2 protein chains.
Amino acid sequence: MTENKSQVIKNDPWFGSYASRAEGMRASEIRALFAVASRPEVVSLAGGMPYLDYLPFDELSELVAKMLREQGTKAWQYGSAQGDPHLRERILDIIRLEHITDAQADDVVITNGSQSGLDLITRIMCNPGDVIIAEDPNYVGALGVFRSFQTEVVNAHMDADGLIPQSFEEAIKTSIAQGKHVKFLYTVPNFHNPAGVTMSVERRPQILEIARKYHVLVVEDNPYGLLSFEDKTYPALRSYDADNVVYLSSFSKIIAPGMRVAWMIAPPGIRQKLVLGNESAILCPPNMSQMTISTYLDNFDWKQQIKEYRGMYKSRCDAMDDALHTYMPYCQWNKPRGGFYMWVKIPDGLDAKAMLPRAVTARVAYVSGTAFYDNGQGADHMRLSFCYPTEDEIREGIRRLSTVVDDELSTAQLFGTTSIEKH
Amino acid sequence: MTENKSQVIKNDPWFGSYASRAEGMRASEIRALFAVASRPEVVSLAGGMPYLDYLPFDELSELVAKMLREQGTKAWQYGSAQGDPHLRERILDIIRLEHITDAQADDVVITNGSQSGLDLITRIMCNPGDVIIAEDPNYVGALGVFRSFQTEVVNAHMDADGLIPQSFEEAIKTSIAQGKHVKFLYTVPNFHNPAGVTMSVERRPQILEIARKYHVLVVEDNPYGLLSFEDKTYPALRSYDADNVVYLSSFSKIIAPGMRVAWMIAPPGIRQKLVLGNESAILCPPNMSQMTISTYLDNFDWKQQIKEYRGMYKSRCDAMDDALHTYMPYCQWNKPRGGFYMWVKIPDGLDAKAMLPRAVTARVAYVSGTAFYDNGQGADHMRLSFCYPTEDEIREGIRRLSTVVDDELSTAQLFGTTSIEKH
């Protein structure tokens, strides 16, 4: 059903009547791929779907039924625009794992997935033309939101230790010198999507110090923080600074995305506007989804469940790393310490976007790096996800992908457009 | 938990950093009331909560559990930005009851409640300063959305037969003469919230003809259409004109609002942008909520259930009408033919907004008419809801309310500020 989104509607009688912001709306490269990539014969290294088969579906279904029988008139009724108070209390236990110990339930706002959180914070902070500093590359869903509010995204660079403080400060200074309003830094500090890197603990206070110096808000998007492959979690930026950080996280990757339940933690003035924004955008988040999540948290050992997920995703990441070493040693990548994604540099002269249809023909899908930029950059990278396919599927997927890359490389060598030696 | 929304945050360090659109955000008068009005000793004639106790909670809970056991990996996973195809098919059966026979599942977009639908259509159509023509009074939730996108709302008047075509045309002409862009008419044709009136069948094609003449889109918001107290439904505006109408409806009033599942039907160009807008705002609607609604539709006689609701709401409406005749004959109102609301004109010289705290002290709540205007009008009306309280509660609520109005009226007579004789 997604194909119609990329169709051009002919003779639209409302052409010319739309808001300027609607002109920036376009189908994400990831979404447009879903229809093809979801065919069973294709190994998809494209999507960011978590693997759900470990969930205790049978017991959970019974407990949800019990909750609906006993609390149906609440679960099926309108709720609070800020979100269910019981769930907001439970979230305090989760964020404590990332060293956030001073938050109260009243600081928490439940959103319809973190996508809605990104929409809300941009909505309340940014006029058209305002600057958002974002990492380079940047999460595709955030780029879409920033574009739809007609903001200007200014890139700050990352290395293997995440966002580079000097590059962040430089981006602020350049924007200010141009007379622009820098509204916030958007950062995914842990197991970055798509770059896979993690902001080092040393850099975290440095980033915050720069933000405070220029009175720039920090929007910390952290869906993957608990999915570390080491036996530790990183302290959230929010744990250092309650006044200047808006923190976003979600149940989508640690439990399940089908509820669309995520949360934000924000300082009081911003939180008040977020609640009003939530009310204006969706009236209130679904009680049933929230109470289903609470049922899970109240009845299962969710910390143990997350540990199992960590182990599973780590094995899949290892499988992908091994397969890349075996089949595509001429590529470059940083092995992630958690999360879902590997950001793989392909040889010079190759174009990940142009190559994609050939890969799909070879029954493997990925996301071209171009999806994570607004300026046409990124064709030298692929984002490979190891979250959903099994280890065997990952190995087979990388093998199939290597046949395509090998072919492209042979052609490039033939025409002298690459300096890389095929293995 | 809602109180904090009306608190003034002192010394907000981000004051001055917000987007211009955030300045228009304020807590709705209805929401601010919820905390008081929901105390058990208060008869609330204020909210728009449907009465859910007739739902077959026990059987439904079992069926939802079965659905989760058998289709858990779908229900708990990400879904389509346009909404679940099966549910979109089922919706075609529902809208047929309102004479919409030419729509396809691909014309339907699932939204997070109709609130989200209103947000999306305004987002894609309106630049700041663009004009939306709206009925006077207007649904409070729509006003909030229109304000947050910095549009200008121009009122068109209603009488007992709903929106007056001449007034609609006048509003368009005046706006065009001022050089403004009129983007759409926002109308609630059936059992209007708050006015209680219904657009006559004669007027429907007239309104559409005017809209076409000036190339103004019609946004038809129809949550109550199936809750008629007569044994008929009115033909939707959309049933006359597929090209110029965006139709919104919802499961909130006919099944349950706790799922936050609503839908829009739109012509292709607009629908394509709505899907992209949905993706940008929430990524996708919750699969679990959508599949729960489908489970209900697939397994229960939902048409019979709606008939029962009609009978129940009709009895409640009759009880309120009787009680108003008995206790407050000096007020004026049109008895609605369906829906949830009675729009009651109070005697001259009385102020529904100023009177509200006294009413709450007398243990009855309503919404002041001022909530349904953006310009301070409406203090001469109260919106009384008959959807949630029982018939006995409604009678007792109106009796309590009459003691307050009687007192106010005596004072007004004493000071000569009213011409109404107390009964």
Side-chain angles (χ1 to χ4, degrees), chain A residues 1 4-5 9 12-15 18-20 22 25 27 31 49 52 57-58 61-62 64-65 68-69 72-73 75-78 80 82 85 106 112-113 115-116 119 124-127 144-145 148 243 256-260 268-270 272-273 275-277 279-283 286-289, chain B residues 1 4-5 9 12-15 18-20 22 25 27 31 49 52 57-58 61-62 64-65 68-69 72-73 75-78 80 82 85 106 112-113 115-116 119 124-127 144-145 148 243 256-260 268-270 272-273 275-277 279-283 286-289:
Chain A
M1 306 310 288
N4 67 61
K5 278 183 277 169
I9 302 292
D12 177 6
W14 300 102
F15 180 84
Y18 297 108
S20 314
M25 289 178 179
R31 280 270 156 183
M49 296 197 302
L52 300 180
F57 285 121
D58 285 355
S61 303
E62 290 315 310
V64 169
L68 288 175
R69 274 195 309 272
T73 48
W76 296 67
Q77 193 52 275
Y78 289 112
S80 142
Q82 188 169 357
D106 199 40
N112 198 285
Q115 187 71 28
S116 182
D119 182 85
I124 70 163
M125 297 306 295
C126 296
N127 288 318
V145 171
S148 82
D243 298 329
M259 310 296 128
R260 314 303 301 120
I270 294 176
Q272 190 183 50
K273 287 196 161 33
V275 173
L276 290 172
E279 188 173 330
S280 180
I282 62 167
L283 211 56
N287 264 355
M288 177 158 166
S289 295
Chain B
M1 308 308 289
N4 66 61
K5 277 181 279 167
I9 302 291
D12 177 7
W14 299 101
F15 179 84
Y18 297 108
S20 314
M25 288 178 179
R31 280 270 157 185
M49 296 196 303
L52 300 180
F57 285 121
D58 286 355
S61 304
E62 290 315 310
V64 169
L68 289 175
R69 273 196 310 272
T73 48
W76 298 66
Q77 192 54 275
Y78 289 111
S80 143
Q82 187 169 357
D106 199 39
N112 199 286
Q115 187 70 28
S116 182
D119 183 87
I124 70 162
M125 297 305 296
C126 297
N127 289 318
V145 171
S148 81
D243 297 329
M259 308 298 127
R260 314 302 302 120
I270 295 177
Q272 189 183 51
K273 288 195 160 34
V275 173
L276 290 173
E279 186 173 332
S280 180
I282 62 168
L283 211 57
N287 264 356
M288 177 160 166
S289 295

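Nothing here was measured: the structure is a model prediction, and the numbers come from that model. Just so it is clear: chains get the letters A, B, ... in the order the sequence lines come, proteins before strands, and each one is counted from 1.
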Self-check item: B/Lys273 vs A/Asp12 side-chain heavy atoms within contact, under 4.5 Å
Solution: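 No. Closest side-chain heavy atoms not under 4.5 Å.
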Taking all atoms of both residues into account, what is the closest heavy-atom pair of [X] and [Y], and its distance?
{"X": "A/Ser289", "Y": "B/Pro286", "value": "OG-CB, 4.3 Å"}
{"X": "A/Met288", "Y": "B/Val64", "value": "CE-CG1, 4.1 Å"}
{"X": "B/Ile282", "Y": "A/Arg260", "value": "O-NH2, 3.2 Å"}
{"X": "B/Phe57", "Y": "A/Leu68", "value": "CD2-O, 4.5 Å"}

Practice problem: Go through the structure and list residues passing side chain to side chain donor-acceptor pair (under 3.5 Å) with B/Glu62, not counting sequence neighbours. | Solution: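 For B/Glu62, the residues satisfying side chain to side chain donor-acceptor pair (under 3.5 Å) (neighbours in sequence not counted) are A/Arg69.
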Self-check item: Any donor-acceptor N/O pair, B/Tyr18 side chain to A/Ile270 backbone, under 3.5 Å
Solution: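 Checked: pair present.
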Max heavy-atom pair count under 4.5 Å with chain B, selected residue of [options]:
{"options": "A/Ser61, A/Ser280, A/Pro257, A/Ala256", "answer": "A/Pro257"}
{"options": "A/Cys126, A/Ala19, A/Gly113", "answer": "A/Ala19"}
{"options": "A/Val145, A/Asn287, A/Asp243, A/Ile124", "answer": "A/Ile124"}

